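Atoms within a ligand are numbered from 1 in the order they appear, just like the ligands themselves. A quick note: this is a predicted structure, and the numbers were derived from the prediction, not measured.
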Amino acid sequence: MTGFESALPETPGEPPLFLRTREPGEASDRSDHSYPPLPEALVVPVYDNHTHLEIANGSEPDGGGSLDYHEQLDRASAVGVRGVVQVGTDLETSRWSAEQAAREPRMLAAVALHPNEAPVYAEAGGLDDALAEIFELAGWPRVRAVGETGLDFYRTTTDEARATQYRSFEAHIEIAKENGLALQIHDRDAHAEVIATLKRVGAPERTVFHCFSGDAELAEICTENGWYMSFAGNVTFKNANNLREALSVAPRALIMVETDAPYLTPMPFRGRPNAPYLIPHTLRAMAAHLGTDVSMLAAQISSNTELVYGSWSDEPVTAS
Ligand SMILES: [Zn+2]
Ligand SMILES: [Zn+2]
């Protein structure tokens, strides 16, 4: 199942799964599926280094509130989110990401087969061809990362499918290194295995744990290896003390911020659709937890993000 399909309502009129969860005690209205209001603009801008704009593009369920990706980027610009890394999860979304980034100055792209998609390609006998196309897309000028790739032992449970995940992850690591690109890792219930794979194969110079889901111990391992930790909206959730402890021990030079939109909408809007313009909530919660100034943290994160992916403006975009 692709992320897109999993975001669709199971039956017409019902909200998609990602809109159905909420924090215990959270005051959000389960019937409200509209996009949250614009937050107060950031003084110092940041980037959303992991988002899936194509999922929100047309799947927002309230009928009147669907935002296409241009509107999402306009809202982001209005609140100080100056650019995004648009992330592919299969061939179709990786192509789309590379194509849109080629003509949208606020977008860079990441291309990959998601760890839960790799077994689907393998079953159809098309994994090698698909990896070859990811390699080709990785050469496009505004494709700056290979991802999201990695291991997902939560949704992929059979030995055979996990063996395919390993093969795909290792191939993506090589694609990143051969193209001099950053690597965006999806690690779900597989911390030790992800670390062992990175060490065995050799991690790319710029390696990012997207939607960092570990504790302080994993943050220390990332720190020792110079791997980046990108925090998503779940760092604001009440039950996420482990993530906040990780944030506390992570060096500021290795921290980034993302939405993973349309999932993981930050508090106080958990349960409603997510989009890059909601990054300020996550950033402000991170700054509050760290006891630091929002603008100082934003400046640090912007600089980290440009070190990892390069500048959003140094490759000309073609006219759309
Ligand atoms: Zn992921
Ligand atoms: Zn993602």
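- In terms of distance to the Zn ion (ligand 2), the nearest N, O or S atom of Glu148 is named OE2.
- Side-chain contact check for Thr265 versus Leu278: some heavy-atom pair is nearer than 4.5 Å.
- Judged by a 6.0 Å distance limit and a 45° cone about the ring axis, Arg162 is positioned over the six-membered ring of Phe153.
- The existence of a salt bridge linking Lys177 and Glu205 is excluded, since no basic side-chain nitrogen approaches an acidic carboxylate oxygen closer than 4.0 Å.
- Here His210 reaches the Zn ion (ligand 1): one of its N/O/S atoms is less than 2.8 Å from the metal.
- Under the 3.5 Å distance criterion, with hydrogens and angles disregarded, no donor-acceptor pair is assigned to the side chains of Asn274 and Thr259.
- Closest N/O/S atom of His186 to the Zn ion (ligand 1): ND1.
- At least one N, O or S atom of His52 sits under 2.8 Å from the Zn ion (ligand 2).
- At least one N, O or S atom of His50, from either the backbone or the side chain, sits less than 2.8 Å from the Zn ion (ligand 2).
- Arg188 forms a cation-pi arrangement with Tyr154, by the criterion of a distance under 6.0 Å to the ring centre and an angle within 45° of the ring axis.
- For Asp260, the N/O/S atom at the shortest distance from the Zn ion (ligand 2) is named OD1.
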